[in-house]
Amino acid sequence: MTDLIEDATTRADAGSALSRWRLGEAFLLRVAGQSADVTAALRTEKAAAWVQRVFDLEAARDTAGAALRAELEAAVAATDEDDPGRAALINLRRDVYNSRRPRPATVTKARAVLDPAREELLSRWADSVTALRDELENGTAILADDVTEARSRARVLLADDDLRCAVLLQSEVLESTMDRYLDPKRKLDKAGRQIERTLLELLYRAALKTSPFSTLTSVGLGRFSPDTRRARPDPESLQQHSAARLNVAVPARLAAVILADPQLRSDIHVSTAPGAGLDGESMRYVRRRTTAGTDPDAVVAIDSVHEDLFFLPSGPALADVVAYAGGDTRPSLHELARQVAAAGEGREVGEVDQLLGHLLRLGFLLAPDLQIDLRSTDPAGVFAAALATHDHPTLQAVAGRLAAADGLVQEYPSTPARARAGVLAQIREHIRACFDAVGAPRELVPRTLVYEDTTIADGGLDVDARLWEQTVLPDLADLADLLPAFDLNVSRRLTANGFFRARYGVGGRCEDVVRFCHEFQRDFFEPYTQRSMRRRPFDDDNAFVRQENWFKLADIDAVDDAREAASAELRARCAGTSGTPDEVRLDDGFVDAVRRHLPAGSRLHQPWSFFVQLARDDAAAGPGRMVLNQAYAGLTLMFSRFAHSLDANGGRAEQLIRRTLRDYTPAGAVLAELRGGYETTNLNIHPDVTDYEIVCPGDASTRPPDEQIPLDDLVLEHDADADRVRLRSVRLDREVVPVYLGFLMPMALPEIQQVLMCFSPTGMAQIDLWAGTGEPVPDEGITMYPRLVLGDLVLQRRMWKMNVAALPVRDPADSDAEHLLRVQRWRRENGLPARVFAQVDTAAARSADDGAEADDDPAPGAGGDPGAGGERKTGRKPLPVDFDSWLSLHLFEQMVLGASNRIVLTEPDPDVDQLWLHDQHGRPYVGELLIELYDRPDSADRRDDHVR
């Protein structure tokens, strides 16, 4: 360990990336919900052994055949042409060459002219052919018996209560049919096989991936501590502690229906939208529109939210609405209708009420009491309590039903697995009754009603900070220096700066942030984003395609130069190797070659989070070899959603997140959170962890007024010295740095918040080093790409890109055993390991479709979780494939049959035998660490020195 520390200290003294970055105070440990070794029980090992015996017998036959052919050729050459045995020797040689059993007459005639040594070779070869034939005949029975035994073991595993809990939230219908499959007395029909495939896919996911969903994955909070010598986390217990919440889409959709009903909304208190005011002869405000998700099969349905600058014709009636509902006054709708009607001659209360209904629909009026408090530990309970304060009997009934449903949700985690379906049915009954009471169609009831997170206690999770700083940090720091070249958001941030400078000039100032956001979105950002998503970074000749640089920004050219240099450097290193190696190592020269192109200064500096796995290395003094799954934005974004659950399990997540953000806040600035605009997804629930909140249109903040920063308090100023546009609060006279801590991608946020995020240090890296290197992309067949290693960090696992037609198709004339042999032979011929992760390469489909090259959403929890054991960001979640399991091969074939383009196969690194995390019984678990890196306060100066 001393040598490691001395080596890392030398690197820091030399001015490497290590001197510019520091580890965050904490890390998140994500633990798979099932032991990784359960997948071994799904293997058909007897059939796999049979396949190996067949291959061994084929090898013995071919070895004997090669020797025999050589002797037969010599015998043919030594035999006269008119010798009757010569034709038999020729026919025998042809049979040997084709590996087929010769006719007895041919053997008899050949033996008559063969010497004893050659006759011995013939006997040896004939015996090998017979042995192979006999072994092949055994295959069907062996595989059938093995599959039966594997299904029996699978039923035992699938009967696990923890897995059943996750299945229930995934699909109530599937959970209700589980017992049909689990009953060994039932015949496995077509429906049963479909149930089996779905359940097995979930079981593989629970054992080999770390995507937080119910009991499929748990999270725990660890710290880098100076008070321990622990090299890697050693949890005292992997026992899951559950926390459940009602889907906030339920109260949000109920609120929308209530506000659309003139009778139900009459007692609701309202206010005008933040920032609404006169603009000439019109009333200007930002309209927020929410549309319910319509995908009936979506487990996590996210409603769409849009914001637009909107103008209403001004008039006396609208002016009176603003006068009575503006500011801190929040009259009820019936009070507001009476006040506005009384303020103007000839106005009827009913007509005014209709006007107010239109203003509610248009988002000019808001109902703060019916907005969902996403900072609460129980948003549904807060909403139900707010409804209960109203006198309308329907609202009282809805409040009672909703409170009853919420109470059942609170009891849900302690409910035994077999009883949970009944509780969930009661919850659904209450929710349907709520929607029936307000006259809403039942189609509005979300499919998913309960969100469940599971955590583990933090005992034993702290690790030696100094050891990790010296062993893990150096390679992550080098990678962090390179990430701006792969950051999907960096061009957005730079072009926002360029647009502002072009519109307002160097050193310019904009006092109307809403108008700037609207004009930037309309005039530039939207068309620029659409064109960027269609851009292919490399053309068909592997030439780099530079970004559209509309404002001729040197920084964008520099980022393009760095990205192009990365491919050129990798191409040069591959050219220096013979053949196709399994691994290509990238050294400091690679890092420097890319880094020197990136812009100087701090404009591109930002915190990063890294999803990594550790591979056990008992000989290493450090925590082990590190494998990268994904790089994403930092600033505790990946921690926040679990803060309530972690704290309920005895953690101190909220305190830690708040402290981390305060420590990072630049001098003279404040961090202010954007709520995200989405009240209909639990992915945005977390406590208040910043000192301030930017109150966007449509928001009704529950914070104290001195912690709120309304949009009309913000200005944009160009700092000519730093060439940066800064967001400033007039009231605070300080720079405001927006942060979003929900689980949605920045480009999924409402439009104004998307623009504000251009002034936030938030990035999203898509690391695909092989693009542009000239490596072949398979139109047919399969191509291997070596593992890429930076220092001791695996950047990209070894992978294979295959055309869907490459996998052997099942021949109806083949038996199961014959098809298994074909698939296994294909695997061996292509050098594939026995276990891989498979994923449909949706980038290939987009590339083929008008050159589109948009990346999928990599935000964890939103369809692209970083997976454990091997994953490349493509389409749906990776499927673990075990070629030694007939059941797993069925899942793989179903994926291939459903794909229309390439499949990407990735090696499992670490594999099951390399996992470092074990429970108290010694069973291995897949564990993934989320580690954050922060640039040091003086990193900008050091970076300038490095670049110069």
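Quick caveat, the model's predicted, so the values are computed rather than measured.
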Whether the Glu693 and Ser701 side chains hold a donor-acceptor pair (N or O, under 3.5 Å, no angle test) is what I'd like checked. yes
Could you tell me whether [X] and [Y] have their ring centroids closer than 6.0 angstrom?
{"X": "Tyr632", "Y": "Phe611", "answer": "no"}
{"X": "Phe524", "Y": "Phe551", "answer": "yes"}
{"X": "Phe499", "Y": "Phe516", "answer": "yes"}

Can you tell me how the ring of Phe544 sits relative to the ring of Phe538, calling it parallel under 30°, perpendicular over 60° and tilted otherwise?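 Correct class here is perpendicular.
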Ring-plane angle category for Tyr664 and Tyr934, please: parallel below 30°, perpendicular beyond 60°, tilted otherwise. tilted
Can you name the nearest heavy-atom pair linking Leu656 to Ala26, along with the distance?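 Where Leu656 meets Ala26 most closely, the heavy atoms are CD1-CB, 3.3 Å.
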[X] and [Y] ion-paired at < 4.0 Å:
{"X": "Glu673", "Y": "Arg675", "value": "no"}
{"X": "Arg595", "Y": "Asp592", "value": "yes"}
{"X": "Arg546", "Y": "Asp561", "value": "yes"}
{"X": "Arg724", "Y": "Asp719", "value": "no"}
{"X": "Glu717", "Y": "Arg726", "value": "no"}
{"X": "Asp688", "Y": "Arg375", "value": "yes"}
{"X": "Arg20", "Y": "Asp935", "value": "no"}

Between Val545 and Pro537, is any pair of side-chain heavy atoms under 4.5 Å apart?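 They are not in contact (no side-chain heavy atoms under 4.5 Å apart), so the answer is no.
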List the steps and the verdict of side-chain hydrogen bond (donor to acceptor under 3.5 Å, both in side chains) for Arg563 and Gln547. CA-CA 11 Å; Arg563 178 64 187 92; Gln547 301 179 70; over 6 Å; no
Going by side chain to side chain donor-acceptor pair (under 3.5 Å), name the pairs with one or both residues in residues 273-283, residues two or more places apart or in two chains. Asp279-Arg515
Rounding to 0.5 Å, atoms OG1 (Thr495) and CD (Glu548) come to a distance of 11.0 Å
So which of Arg288, Arg289, Arg284, Arg522 actually passes salt bridge (Lys or Arg N to Asp or Glu O under 4.0 Å) with Asp308? Arg289
